[in-house]
Amino acid sequence: MPLVGKDWTQSGVARLFSAIEENGYQLLFLSARAIVQAYLTRSFLLNLKQDGKALPSGPIVISPDGLFPSLYREVIRRAPHEFKIACLEDIKALFPSDYNPFYAGFGNRDTDELSYRKIGIPKGKIFIINPKGEVAISHRIDVKSYTSLHTLVNDMFPPTSLVEQEDYNSWNFWKMPLPDIEC
């Protein structure tokens, strides 16, 4: 869409993602777009600048499928999560089985949430932004934008240098949904 003058960037995304990276997290960019769109997608991500901040560098993973199979999967079948789940599971398999390398997930569709939940990211660490620029966590719009989310970055993405145990920090205590208990 940037080719036809439509800007889909969300205000504050570069600043937020930069702050997350500064806290010690590595970002991975994942798209179900076709391989023929790799150059445009990469150029867009590498050249995105907002208020003097650029998106942090990180691997950009794109579907190896051609244009028509990717469009069919994403637009007709509405199933981009099929590629994303398979891709994320392959990456996760590179790590020990008792370790999840994925801490949080950002997306713009409900299928992104499905993908992230499937690989073990907790509900409270999945952020879906809607077309109005509102960020929803577990389908609740508590945080209105990437800009306002930035004020919580140290609580939600504590610096990896801290020794505080992640399971018991103040963000998780108050924001994570309670686990399901079988009776």
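Position 1 is the first residue of the sequence; numbering continues from there.
Atom CE of residue M156 and atom OG1 of residue T151 lie 9.0 Å apart, to the nearest 0.5 angstrom. Of the inter-residue distances, the one linking N108 atom CG with I128 atom CD1 reads 7.5 Å to the nearest 0.5 angstrom. Rounded to the nearest 0.5 angstrom, I126 CD1 and Y116 OH are separated by 8.5 Å. With rounding to the nearest 0.5 Å, the separation of NE2 in H150 from OG in S145 is 11.5 Å. The line from CG of L94 to CD of E89 is 12.5 Å long, rounded to the nearest 0.5 Å. Rounded to the nearest 0.5 angstrom, I121 CD1 and K92 NZ are separated by 8.5 Å.
Within 6.0 Å of atom CG in D51, 12 or fewer heavy atoms from other residues, nucleotides or ligands are found, so the atom counts as exposed in its surroundings.
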Could you walk me through whether L30 and D112 pass the side chain to side chain contact (heavy atoms under 4.5 Å, CB included) test, one step at a time?
CA-CA 10 Å; L30 175 64; D112 291 332; over 6 Å; no

Determine whether F44 and L40 satisfy the following criterion, side chain to side chain contact (heavy atoms under 4.5 Å, CB included), listing intermediate values before the conclusion.
CA-CA 6 Å; F44 173 76; L40 293 173; over 6 Å; no

Carefully, step by step, assess I119 and I91 under the rule side chain to side chain contact (heavy atoms under 4.5 Å, CB included).
CA-CA 10 Å; I119 57 143; I91 293 169; over 6 Å; no

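Cluster annotation: F17 and I137 are assigned to the same hydrophobic cluster (Ile/Leu/Val/Met/Phe/Trp/Tyr, side-chain heavy-atom contacts under 4.5 Å, transitive). No continuous path of hydrophobic side-chain contacts links F106 to L46 [ILVMFWY only; heavy atoms under 4.5 Å].
When atom types are taken as modelled, the side chain of K53 and the backbone of V13 share no donor-acceptor pair closer than 3.5 angstrom.
Screening L55, T41, V61 for a side chain to side chain contact (heavy atoms under 4.5 Å, CB included) with F29, the sole residue that qualifies is L55.
Between Y103 and Y25, the ring-plane angle classifies as tilted under the 30° and 60° cut-offs.
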